[in-house]
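First up is the structure itself, then whatever we jot down about it.
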Amino acid sequence: MILFRKFRVLILMVFLIACTMHIMIDLLPKLEKRAAGSNSGGGDCTCANSPSEEPRNWAKQRARSAADPGWPNKHTLRILQDFSNEPNSNLTSQSLEKVPVNGDKAEPFKRVKAVAPGPESQRNLIKDASGGKQPAQGAGRLSALYEHPLYKTELPPLTDDDTLFNVNADIRFYPKTAGNQEWHNDGNEEEEEAYSPTREVAAESYPNWLRFHLGVSRYELYSRHSPVVEALLKNLQTQRITSVAMKSGGTQLKLIMTFQNYGQALFKPMKQTREQETPPDFFYFSDFERHNAEIAAFHLDRILDFRRVPPVAGRLVNMTREIRDVTRDKKLWRTFFISPANNVCFYGECSYYCSTEHALCGKPDQIEGSLAAFLPDLSLAKRKTWRNPWRRSYHKRKKAEWEVDPDYCDEVKQTPPYDHGTRLLDIMDMTIFDFLMGNMDRHHYETFEKFGNETFIIHLDNGRGVRRSTYLRLQLLAKEEYRLSSLMEESLVRDRLAPVLIGPHLQALDRRLRLVLDVLAECVDKEGLATVVEDDLEPRPAGPFHQVPGAR
């Protein structure tokens with residue numbers, strides 16, 4: 001008995017020693033790095049490049065990290081890993097992105113053509129580039145914005161490797177999943193024949209949703225001023241809905257709607273009016289998803305010239321004819337009822353907010369919502385799902401690591417896939433985009449697997465160092481003659497559910513934009529412009545880094 005007790009004590013001591021060594025191994029690299037950098041001064045701009053021999057090139061600076069001992073540590077790798085091995089992931093691979101061995105494929109992605117800038121004071125905002133002419137107030141703001149040189153940049157020529165699909169390839173798009181060998185077009189036999197994917201026809205004759213899919217490239221979801229996108233937005237508002245099903249997963253109810261030409265969209269019904277504010281005591285993961293935020297996110301993404309949000313349009317839906325009568329989802333159908341106020345209601349099935357207390361009711365059977373066009377099917381275009389390095393902790397008392405670890409940003413910059421290419425800059429674009437929208441729930445993001453690390457981040461589910469092009473556009477949108485709130489108001493007026501945003505929402509966009517620019521200006525003053533802003537434009541003559549083309 002005594003020997004047994006001694007054995008248990010010995011096992012406990014070995015366990016404690018192992019735990020202590022494990023903790024020390026985890027902390028040692030951070031303590032060494034903190035001690036080594038203690039004399040270099042702290043600061044709030046922790047994600048800026050520290051001055052070095054090549055401060056203008058983040059990719060080269062981060063590439064040296066592979067030889068540094070202790071970087072990246074296994075804790076960081078665990079935080080930043082993709083979701084390859086999780087059931088809800090879109091991935092097929094379980095590995096992190098690999099650094100290309102020969103050359104940097106990001107180089108053509110980082111270079112776009114721009115007119116050379118002139119001299120200007122570093123801290124001043126950019127000036128007008130329209131030769132002294134002021135853009136028209138009101139209805140002409142969007143046109144004037146898109147005529148600005150910053151919105152005239154060109155992408156590199158596209159190769160087959162840069163497009164998601166090769167139009168000339170012998171690919172049968174979607175007919176098997178639709179259960180039919182031709183595009184259904186509401187009884188128009190001539191147009192149905194033209195839509196048939198089994199015939200050799202021009203891509204222009206395909207339905208708009210398929211043309212949208214064919215236009216996805218390494219650099220964008222759709223091109224600037226794409227007529228296909230405008231046509232697709234109209235389809236989302238008017239096409240006949242032929243079937244409805246609940247989307248699996250998620251805390252709140254979302255519906256998958258299929259149209260007469262087999263296009264599909266994600267429907268988020270209205271849960272709150274535009275005037276309802278989130279209580280200040282709510283946690284970011286406790287709020288309802290707002291359908292109008294989805295619509296506004298698409299328009300904001302276009303104004304920022306990111307083009308990373310799939311097309312979204314608002315629509316009034318008849319809950320009886322366009323949901324209950326066409327659904328084959330028995331679980332959804334069983335949740336329909338007539339309320340005491342004689343309105344048609346339903347609540348569906350989901351993790352949290354699907355009950356009679358959270359029912360969605362029409363007036364009497366009309367409900368508004370957002371319809372977001374689907375991306376290409378995963379069987380044709382696989383996507384990778386990644387954890388956002390700066391996601392929230394989703395804990396009521398615990399902070400995320402980035403909120404408490406001053407070295408966190410340095411660790412991210414030296415961890416794949418953020419140690420090369422444009423991924424970290426895309427994260428910064430996404431962070432600014434989310435802040436302008438008030439979105440605090442970006443826990444994941446996705447990329448197309450075909451393009452590897454050299455591609456954009458897809459901004460889905462929209463309810464720290466920046467690119468020069470992004471920095472310039474943010475300054476442009478802060479100018480009175482372009483003002484972000486006015487541009488958004490003009491862009492959204494064409495949506496069926498206008499006004500999508502009320503006055504306080506629009507004013508908040510201007511206020512948040514000023515905050516973003518203030519933080520960037522503070523970091524530039526502290527760290528230097530070349531350290532904070534990565535030049536993704538053409539080489540330019542000597543002069544301040546962030547002067548806009550044609551400025552005076």
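Side-chain contact check for D162 and T159: at least one donor-acceptor pair (N or O, by modelled atom type) lies under 3.5 Å. Under 3.5 Å, the side chains of T447 and W386 contain a donor-acceptor pair of N or O atoms. Between R483 and S486, the side chains place a donor N or O and an acceptor N or O closer than 3.5 Å (distance only, hydrogens not considered). Under 3.5 Å, the side chains of N453 and H420 contain a donor-acceptor pair of N or O atoms. One side chain, S491 or H299, offers a donor N or O that lies under 3.5 Å from an acceptor on the other.
Heavy-atom minimum distance, L425 versus V466: CD2-C, 4.0 Å. Closest approach of V229 to P311, counting heavy atoms only: CG1-CG, 4.1 Å.
Between L300 and V309 there is no side-chain heavy-atom pair separated by less than 4.5 Å.
In this structure, the side-chain hydrogen bond (donor to acceptor under 3.5 Å, both in side chains) partners of E230, at least two apart in sequence or on a different chain, are R302. Partners of S485 by side-chain hydrogen bond (donor to acceptor under 3.5 Å, both in side chains), not counting sequence neighbours, listed by chain and number: D510.
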Checklist entry - Where do Y471 and D535 land on the side chain to side chain contact (heavy atoms under 4.5 Å, CB included) test, with the steps shown first? => result CA-CA 10 Å; Y471 191 36; D535 188 11; over 6 Å; no
Next on the checklist: Would H225 and Y146 count as a ring pair (Phe, Tyr, Trp, His ring centres under 6.0 Å) here? Give the steps.
Outcome noted: CA-CA 9 Å; H225 320 303; Y146 294 140; 4.9 Å; yes
Next on the checklist: Checking L424 against M428 for the side chain to side chain contact (heavy atoms under 4.5 Å, CB included) test, could you report, in this order, the C-alpha distance in whole Å, the side-chain angles of both residues, the deciding distance, and whether it holds?
Outcome noted: CA-CA 6 Å; L424 187 60; M428 299 304 111; 3.9 Å; yes
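Among residue pairs with one or both ends in residues 305-314, those qualifying as side chain to side chain donor-acceptor pair (under 3.5 Å) are E220-R307, R224-D305, D305-R307, D305-R473, R308-D429; sequence neighbours excluded.
Ring to ring, F165 and H213 are not that close: their centroids are 6.0 angstrom or more apart.
A cation-pi arrangement, defined by a distance under 6.0 Å to the six-membered ring centre and an angle within 45 degrees of its axis, is absent between R392 and W402.
Exactly one residue among Q272, R315, K268, E368 makes a side chain to side chain donor-acceptor pair (under 3.5 Å) with H291. That residue is E368.
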